[in-house]
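Everything on this sheet refers to the single structure shown next.
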Amino acid sequence: MAGFVAKKLCPQLIQIPLNFEKYTAKAQEVRKILVEYDPRFESASIDEAYLNVTNYCETHNIDPEEAVEQLRREVYEKTKITVSAGIAANAKLAKICSNMNKPNGQFRLANDRNVILAFMRDLPTRKVNGVGRVFERELDAIGVKTCGDIYAYRQYLAKLFGEKAFQFLMQCHLGLGRTKVQPAEEYERKSVGTESTFADMSGHVKLRDKLRWTAEELEKDMRRTGFKGRTLVLKVKLHTYEVFTRQVIPPKAVWLADDLYKYSVPMLAKLEQDFPGLRLRLMGLRCTHLVSMKKPDTMTFFGFKNRPEQPSNDDPETSKCKDSAPENDQWENWPDAEFEEAAREEQQEELEELEALSQLEEVDLRRHHGKEILPNPKRESDATPEEEWWDCPICLRPQATSEKEFNEHIDLCLSRQTIREAVQATAQGEQQFSRDGTPDFKKARNGSGQKRKDRGFVVAGDPKQRRLCFG
DNA sequence: GCGGATCAG
DNA sequence: ATGGCTGATCCGC
């Protein structure tokens, strides 16, 4: 409930300031328990998570209901937090079910078509994630109140609301939903932005000052998340509460306040033209079409293990999904244009990154906006005993303590050493690297036959290539 | 791709 | 009439 509403209803109410550090710490306590039930659970927010307990139920030979009862009891005993849960055949149904016995309860919907259809029949559309205030009213206006009502109106839905909405509604009717559950960090971020509301403001200088400040706020978040943006979006809310956005594509990917400001000022000027005497109550900046500033790590790229990484042995889901983890695909995911502009940007980038590094300690990690994405906690139950690593004599990186694996690694490492020497000696990677910068062995392993347009730049002369390959 | 709008948490 | 902020997605053009 909004604070000022509560205060009106309950004038003696004492309000305590927010403390996200506390909430995040508590959430981590809870997640340490969740990870024992599904190491690949998905945090949907600070207080919500999806778990696939199929494996847990099998290995512990218990019902989903028992497993979830036990999970909730364990969460309560260890953290004093009560939680509600829904158990169902997919994420959409589980979410709905989790609201059935709130607070501190659970509800299971049997994985049975007729049971599910019966459940949907009387379910108000608004209960489904994705149906909000507006869509609910629109559906209501044509006579659709429950998910059961949807089918009778199927011939109108696509025409009225579009094909996507039609597909969505039919899935609601049938109780269909996603079954894939994966750690939050495996989802790709699409934008980074910041906005703020203030007392009505007008005037060239004041608005530019506010824009400058907004740009500085955004730089902090770009720095923290490690992205640049190819597109820059300015958002304003007029004193009339009307919202407008304007966007530009700067000549280069941006993240520094100076650039964010420089390229957004013309948009503000345009708005001042469009709305003479512009009066604002909100201003925001957002970067989209993100480019990661985290360079593909050479060690990861060459397939070396990271010391803290645990080999996941007992979970078929984990091993199955491993190859789709984004960190293994970083090369493939690099946008083409990145290469196109790489050489031109290189010098500038170098300066900026040096500056970024020198200022890294000054970043205030407590007061930032934006979604917190933390990796799932490590599972207590498969904590590895200390010193279970052998250091490779060639690359000096820790390796698995299996005779066979270790020897295979050394073979690989020696061949890499040969490649490295060859490249360094000739300073011309044409033998080992294709023109698109993808090492041939990576291509072969990838095997997806992904095509990349030939940009025709010279590998040996590109400073980025030098750094990416053997940095 | 742009700009508006809806939705979730 | 119950706000502000961050981020995602969809639609029409």
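We name chains A, B, ... by the order of the sequence lines, and we start the count at 1 in each one. Computed over heavy atoms, backbone and side chain alike; hydrogens, waters and symmetry mates excluded.
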Carboxylate-amine/guanidinium contact Asp209(A) Lys206(A), below 4.0 Å: no
Summary of salt bridge (charged side-chain N to carboxylate O under 4.0 Å, His left out) pairs that have at least one residue in residues 81-107 of chain A, sequence neighbours excluded: Glu48(A)-Lys95(A)
Nucleic acid footprint by protein, nucleotides 8-13 of chain C - heavy-atom cut-off 4.0 Å, B for base, S for sugar-phosphate alone: SSSS--
Nucleotide dG4(C), atom C1' - distance to NZ of Lys237(A) in whole Å: 7 Å
Pair Phe161(A) and Phe168(A), ring centroids less than 6.0 Å apart: no
Short N-O contact, Asp274(A) and Lys270(A), less than 4.0 angstrom: yes
Nucleotide dC5(C), atom P - distance to CE of Met283(A) in whole Å: 13 Å
Spacing of Tyr187(A) atom OH relative to dT6(C) atom C1', expressed in whole Å: 18 Å
Sugar-phosphate, base or nothing in reach of Arg281(A), heavy atoms under 4.0 Å: sugar-phosphate
Parallel, tilted or perpendicular: rings of His173(A) and Tyr151(A) (30°, 60°): parallel
Ion pair check, Lys220(A) and Glu217(A), cut-off under 4.0 Å: yes
Lys32(A) atom NZ: more than 12 heavy-atom contacts under 6.0 Å: no
Rounded interatomic separation in angstrom, taking CG from Leu232(A) and C1' from dG3(B): 15 Å
Whole-Å distance separating the NZ atom of Lys7(A) from the C1' atom of dG3(C): 17 Å
Nucleotide dG4(C), atom P - distance to CD of Glu217(A) in whole Å: 18 Å
Sequence-aligned protein contact record of nucleotides 4-9 of chain B, with B where the base is within under 4.0 Å of a protein heavy atom and S where only the sugar-phosphate is: S-SSSS
Donor-acceptor pair between Tyr261(A) and Glu216(A) side chains, under 3.5 angstrom: no
Distance, rounded to the nearest Å, where Leu218(A) contributes CG and dC5(C) contributes P: 15 Å
Under 4.0 angstrom between Thr194(A) side-chain N/O and dT6(C) OP1 or OP2: yes
Spacing between Gln15(A) atom CD and dG3(C) atom C1', to the nearest angstrom: 13 Å
Verdict with supporting geometry, His204(A) and Arg208(A), side-chain contact (heavy atoms from CB on, under 4.5 Å): CA-CA 6 Å; His204(A) 273 318; Arg208(A) 272 158 188 71; 3.4 Å; yes
